[in-house]
There are 2 protein chains.
Amino acid sequence: MSTQNISQHIKVTVDAIVFGYNQEQGISVLLIKRKIEPYTLQWALPGGFVHDEETLEEAAERELKEEAGISINYLEQLFTFGKPDRDPRARIISVAYFGLVKSTDFSLFAATDAAEAQWFNIYELPQLAFDHAEILHKAIERLRAKITYEPIGFELLNRKFLFSDLEQLYMKLLGREIDRRNFKRKVMSLGLVVELNEKAPALAAGRPGKLYSFDKEKYQQLKIKGFDLDKLI
Amino acid sequence: MSTQNISQHIKVTVDAIVFGYNQEQGISVLLIKRKIEPYTLQWALPGGFVHDEETLEEAAERELKEEAGISINYLEQLFTFGKPDRDPRARIISVAYFGLVKSTDFSLFAATDAAEAQWFNIYELPQLAFDHAEILHKAIERLRAKITYEPIGFELLNRKFLFSDLEQLYMKLLGREIDRRNFKRKVMSLGLVVELNEKAPALAAGRPGKLYSFDKEKYQQLKIKGFDLDKLI
DNA sequence: CCAAAAGTGTTGTGCCTACACCCATGG
DNA sequence: CCATGGGTGTAGGCACAACACTTTTGG
């Protein structure tokens with residue numbers, strides 16, 4: 001680093017892209033309605049300035065809690081956006097973080113002021129402030145890539161789920177049909193999903209399915225030692 | 001973004017991790033010797049403060065030219081490092097960029113003041129300033145991952161090369177033997193490498209090999225439409 | 001003629017894909 | 001009994017891994 005003490009007028013923000021999933025709404029992303037200039041009343045990703053003594057990830061977690069009332073255990077750094085004119089106020093670079101939440105957190109969230117934070121289906125997005133459309137686009141790409149080599153369902157599904165839930169999550173995200181038999185065989189061969197001895201209550205017509213859940217231990221183990229399983233789909 | 005005008009004392013730098021390759025030195029990374037506080041005379045990644053009107057990538061390119069005299073066409077963003085205490089002077093976050101250069105650029109580089117910038121084999125690194133060891137570690141991981149799904153040789157080898165050069169590059173990077181016959185078949189099936197009608201001069205004992213080169217057009221095409229070829233190795 | 005490196009084919013195995021019918025329940 | 005969704009097996013093809021001998025040159 002060449003380190004003359006340059007006077008630099010750059011500020012640093014974080015933005016958080018949080019994806020959620022449930023049966024009705026499909027794959028959604030959390031947005032907030034801006035209450036201040038610029039882009040007042042437009043939808044934007046939750047985020048804000050990094051404080052002097054916190055890490056970037058902590059900043060993203062804090063902003064999520066402040067602006068949307070949700071706590072996320074695990075955020076992954078996505079990309080840093082730094083074009084000089086991406087914010088009309090000043091030179092502001094933004095480090096984007098990426099997270100997944102269970103569908104059970106949806107209801108939790110509905111408790112907060114619905115006008116200021118909301119889930120949007122990723123295929124039906126409003127106009128977004130700043131370069132947030134670009135950021136979100138990149139996040140969706142990453143999500144789609146991730147799902148092919150990591151069992152993402154763990155973060156997105158309820159603790160107990162039907163196999164068809166997992167199928168549908170994958171189909172919605174990939175935007176195409178997948179073969180149920182092949183998919184199940186592959187997923188089960190990973191040993192991450194275990195069959196429970198419970199049947200789901202039959203919600204509609206049709207044969208009720210068994211419940212499944214993720215084997216958290218195995219999941220963590222594999223995540224740590226960096227499982228490079230062949231493409232899942 | 002919650003956007004009270006917070007007074008923020010964070011500065012932004014970029015650091016560049018440039019990998020090169022040649023037969024003798026193997027896979028190397030470019031480091032510079034710091035001439036100012038802190039960490040004076042220690043080796044560090046080239047980099048420095050982002051200017052107010054340039055993009056992050058431009059900043060990385062500029063610093064590489066200033067500090068090491070090399071021009072790189074393509075840099076890829078690696079990660080942003082932002083722990084509050086990673087720099088003893090102040091809160092400084094660093095956006096790390098990642099690049100590859102041909103071995104022919106090595107000689108070019110030797111022309112500049114050798115004391116201040118140097119290539120180091122990635123398996124024989126000196127102590128590094130700041131958290132640069134961590135940054136470099138992450139870059140090497142990325143390089144290793146990249147090589148399994150992208151034909152990286154294009155950036156690292158000379159325009160014309162022996163097939164054994166490509167083999168050895170992969171073996172050095174992966175740290176294990178690969179089967180020459182299977183490797184060649186796979187690489188050729190991608191259609192990115194073409195056989196030239198030239199023989200290389202025989203440098204040592206042994207049968208001289210044919211020369212090969214990358215088909216730049218096809219390479220660019222595939223890179224653009226995001227080829228998700230199955231794992232190469 | 002010997003050492004060193006380049007070049008080259010085949011076979012088996014396992015994984016992936018494609019594909020269709022029966023089962024359990026609610027209405 | 002019908003509609004709805006859940007559950008399951010198999011056969012063929014393809015890509016990958018394993019494997020060794022011949023050719024060309026320099027010394």
Side-chain angles (χ1 to χ4, degrees), chain A residues 22-24 26 147-149 151 153 157-158 160-172 174 176-213 227-233, chain B residues 22-24 26 147-149 151 153 157-158 160-172 174 176-213 227-233:
Chain A
N22 72 8
Q23 198 67 19
E24 302 86 50
I147 203 172
T148 64
Y149 58 85
L157 294 176
N158 289 314
K160 299 176 181 185
F161 55 90
L162 295 167
F163 220 91
S164 53
D165 292 336
L166 192 57
E167 280 163 34
Q168 280 174 46
L169 169 60
Y170 270 73
M171 288 196 283
K172 280 200 174 122
L174 296 173
R176 60 177 170 87
E177 297 291 302
I178 56 181
D179 185 281
R180 279 159 56 221
R181 287 164 292 190
N182 293 335
F183 181 70
K184 183 164 182 183
R185 192 174 328 132
K186 263 188 280 190
V187 170
M188 294 310 285
S189 77
L190 297 177
L192 293 172
V193 173
V194 295
E195 186 177 325
L196 304 175
N197 281 330
E198 301 177 57
K199 278 189 187 163
L203 304 169
R207 174 175 173 175
K210 296 178 205 150
L211 286 171
Y212 295 79
S213 87
F227 54 124
D228 61 347
L229 39 96
D230 309 318
K231 284 168 74 133
L232 190 57
I233 299 296
Chain B
N22 72 9
Q23 198 67 21
E24 303 85 52
I147 204 173
T148 64
Y149 57 85
L157 293 177
N158 289 312
K160 299 177 181 184
F161 54 90
L162 295 167
F163 220 90
S164 53
D165 292 336
L166 191 58
E167 280 163 33
Q168 278 173 45
L169 168 60
Y170 271 73
M171 288 196 285
K172 281 204 174 117
L174 295 172
R176 60 178 169 87
E177 296 292 303
I178 55 181
D179 185 282
R180 279 161 54 221
R181 288 162 293 188
N182 292 335
F183 181 70
K184 184 166 183 182
R185 190 173 334 130
K186 263 188 281 190
V187 170
M188 294 310 286
S189 77
L190 297 176
L192 293 172
V193 173
V194 296
E195 186 176 327
L196 304 175
N197 279 331
E198 302 177 55
K199 279 191 184 160
L203 304 169
R207 174 176 174 173
K210 295 179 207 148
L211 286 171
Y212 295 80
S213 87
F227 56 122
D228 61 347
L229 39 95
D230 308 318
K231 282 170 73 133
L232 191 58
I233 300 294

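What you are looking at is a predicted structure, and each value in this text was computed from that prediction instead of being measured. Every chain is numbered from 1 and lettered A, B, ... according to where its sequence line falls, protein lines coming before strand lines.
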Q: For the pair B/Asp179 (side chain) and B/Arg181 (backbone), establish whether a donor and an acceptor sit closer than 3.5 Å, ignoring hydrogens and angles.
A: yes

Q) Can a side chain N or O of A/Lys184 be found less than 4.0 Å away from OP1 or OP2 on D/dG6? A) no

Q.
Please confirm whether the shortest side-chain N or O distance from A/Ser164 to OP1 or OP2 of D/dG5 is below 4.0 Å.
A. no

(Q) Give me the atom names and distance for the closest heavy-atom approach of A/Arg180 to A/Glu167. (A) CG-OE1, 3.0 Å

Q) Which atoms form the tightest heavy-atom contact between A/Gly26 and A/Lys172, and what is the distance? A) CA-CD, 3.9 Å

Integer-rounded Å distance: [N] [atom2] and [X] [atom1]:
X	N	atom1	atom2	answer
B/Gln168	C/dA6	CD	P	7 Å
B/Phe161	C/dA6	CZ	P	14 Å
A/Glu195	D/dG6	CD	C1'	12 Å
A/Glu167	D/dT8	CD	P	12 Å
A/Leu162	D/dT4	CG	P	18 Å
B/Lys186	D/dA17	NZ	C1'	8 Å
A/Tyr212	D/dG6	OH	P	10 Å
B/Leu211	C/dA6	CG	P	12 Å

Output a table of donor-acceptor pairs, distance under 3.5 Å, between side-chain atoms of residues 187-195 of chain B and any protein atom two or more places apart or on a different chain; print 'none' if there are none.
{"residue": "B/Ser189", "atom": "OG", "partner": "B/Lys186", "partner atom": "O", "Å": "2.7"}
{"residue": "B/Glu195", "atom": "OE2", "partner": "B/Lys210", "partner atom": "NZ", "Å": "3.1"}

Q: Please work out which of the three classes, parallel, tilted or perpendicular, describes the rings of B/Tyr170 and B/Phe183, given edges at 30° and 60°.
A: tilted

**Q.** Where protein sits on nucleotides 18-27 of chain C, one letter per nucleotide: B base, S sugar-phosphate only, - none, heavy atoms under 4.0 Å
**A.** BBB--BBBS-

Q: Could you pull out all residues at least two apart from B/Ala200 that satisfy side-chain contact (heavy atoms from CB on, under 4.5 Å)?
A: B/Leu162, B/Leu211

